[in-house]
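Each ligand, and each atom within it, is numbered from 1 in the order the structure gives. This is a predicted model, so every value here is computed, not measured.
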Amino acid sequence: MKKALVTGISGQDGSYLTELLLSKGYQVHGMIRRSSTFNTGRIDHIYRDPHNGDKTRLLLHHGDLASSVSLANLISEIEPDEIYNLAAQSHVRVSFDLPEYTGDVTGIGTLRILEAIRRSGIDTRFYQASTSEMFGGAAPPQTEATPFAPQSPYAAAKTYAHWVTKNYREAYGIFACSGILFNHESPRRGETFVTRKVTRAVAAIKAGKQKHLYLGNLDAKRDWGYAPEYVEVMWRLLQHGEPLDIVIGTGESRTVREFLEEAFGYVGLDYQDYVRIDERYFRPTEVDYLLADPRMAREVLGWEPKIKFKDLVRIMMDADLELLGLEAPGDGKRLLSDRFDGWHRWDDQLVSMDK
Ligand code: NAP
Ligand code: F7E
């Protein structure tokens, strides 16, 4: 049985990747950080408490990207075949308020893992969650050859992590890869990222629980894809014959305003009646236009996204309407059951644990 260690298992991508790995028969070790409140909501549906005598291939351990000791201990004790480093202070706006912390966790945290791998001497494959934010101000479309131009402490930290991953590959022969992922979203997206903030607000407005939605820059353009499809490519990258750095996105870019039109329009509302601008959501430096050229992912990994912008909005809208007990038009839900099977099922489906 292959063993994987996943940092950031409690986040959006960590939860989907864990479902994928369990469905492929892996034993998954997840690193969670200590919190005074429960932070495992996204993986509770697949966790089995060994105290109940349940068979489980999902094991959780405390650790932190700020702690070299915890990382070195986990890596030498588990001896994972694959390590997916998904943990990060991942919010761009917040990184301007917490620049030092973001540099430490999102940047140096990656070095701590690589150094723990090197010192343990184990033969493992490493995935680094790099990001389109590293392209920052570079002209679109962005490819593997586009020079980085980070525009935030988050992007600068990720750029450091990206380069040090490449350096450990070249210097020490570690099978270390980076996926340069463009924005990817889902019903499990953190509530303060713009897509989820919008879909939750539309549902709350529809339910009569909220009157207005306060946002920042509506003109920024993003290449938004569907998170479960993106975690699949992380796994494919580590199964590839040689370590690579690769761009992952849909090849379509839309403004925040277009997202608003689509989400409000889905339930028959006009966003202009509800959206207000609040300066506090503007960033000191913005990334205006991200658009992936995902040709290499298609040619080398055979990866192509099935869910594009409009479908993504529908999937997220259906989920947030249902969370508030409202009847959803259901287009998103139907689309998921038509296009996917197996582990790619609607969010609440359990992954079979006894494979
Ligand atoms: P997310 O939902 O914000 O999850 C981040 C995860 O990191 C959470 O599990 C969080 O734990 C954990 N974490 C934060 N600080 C930590 C620390 N000091 N030590 C250990 N764990 C820590 O992020 P995501 O959207 O799933 O993204 C996954 C990764 O891909 C991140 O590295 C992100 O920067 C990167 N990325 C994301 C996108 C995107 O569009 N989603 C695109 C490109 C790259 P808690 O649950 O306790 O907070
Ligand atoms: O912002 C604008 C904002 O925070 C998208 C992270 O996963 O993807 C994510 O970073 C756009 C920006 O995502 C609000 O100014 C307007 O132009 O949803 P976001 P992000 O900054 O693109 C990349 C690839 C990552 O790697 C990151 O980890 O939307 N925007 N009004 C707003 N954004 C937020 N959050 N809130 C607003 O009220």
For this session: Decide whether the shortest distance between a heavy atom of E191 and an atom of ligand 2 is less than 4.0 Å.
Result: no

Seminar exercise, completed: Looking only at non-hydrogen atoms, the one of N183, I180, V198, L181 nearest atom 20 (P) of ligand 2 is N183

Exercise. For ligand 1, what is the set of protein residues having any non-hydrogen atom at a distance below 4.0 Å?
Worked result: G8, S10, G11, Q12, D13, M31, R33, N39, D64, L65, L86, A87, A88, S90, Y101, V105, A129, S130, T131, Y154, K158, L181, F182, N183, H184, R189

Exercise. Is the shortest distance from a heavy atom of R222 to ligand 2 less than 4.0 Å?
Worked result: yes

Seminar exercise, completed: Judged by heavy atoms only, the candidate from V275, V256, L215, N217 nearest atom 11 (C) of ligand 2 is V256

Problem set entry | For atom 21 (O) of ligand 2, the option (of R283, E133, H91) bearing the nearest heavy atom | R283

Seminar exercise, completed: Taking only non-hydrogen atoms of G216 and a 4.0 Å limit, the atoms of ligand 2 in range are 14 (C), 16 (C), 31 (N), 38 (O)

Problem set entry | Inter- and intrachain pairs under ring pair (Phe, Tyr, Trp, His ring centres under 6.0 Å), touching residues 48-73, at least two apart | H29-H61

Exercise. Between Y84 and Y127, how do the two ring planes meet: parallel, tilted or perpendicular, split at 30° and 60°?
Worked result: tilted

Problem set entry | Distance filter under 4.0 Å to A220 heavy atoms, resulting ligand 2 atoms | 17 (O)

Problem set entry | V92 neighbourhood, listing ligand 2 atoms whose heavy-atom distance to it stays under 4.0 Å | 10 (O), 21 (O)

Exercise. Which bit of T192 is near ligand 2, meaning a heavy atom under 4.0 Å away: side chain, backbone, both or neither?
Worked result: backbone

Problem set entry | Flag side-chain contact, heavy atom, 4.5 Å: I315 against P187 | yes

For this session: Kindly indicate whether the side chain of L181, heavy atoms from C-beta on, has any atom under 4.5 Å from the side chain of M234.
Result: yes

Seminar exercise, completed: Sorted by chain and residue number, the ring-ring contact (aromatic ring centres under 6.0 Å, His included) partners of F282 (sequence neighbours excluded) come out as none

For this session: Tell me, please, which residues at least two apart from F148 pass ring-ring contact (aromatic ring centres under 6.0 Å, His included).
Result: F135, H162, W163

For this session: Name the option, out of F135, F259, Y154, that contains the heavy atom nearest to atom 25 (C) of ligand 2.
Result: Y154

Exercise. Is K221 salt-bridged to E258, going by a charged N under 4.0 Å from an acidic O?
Worked result: no

For this session: State, yes or no, whether a side-chain contact exists between T199 and R196 at a heavy-atom distance under 4.5 Å.
Result: yes

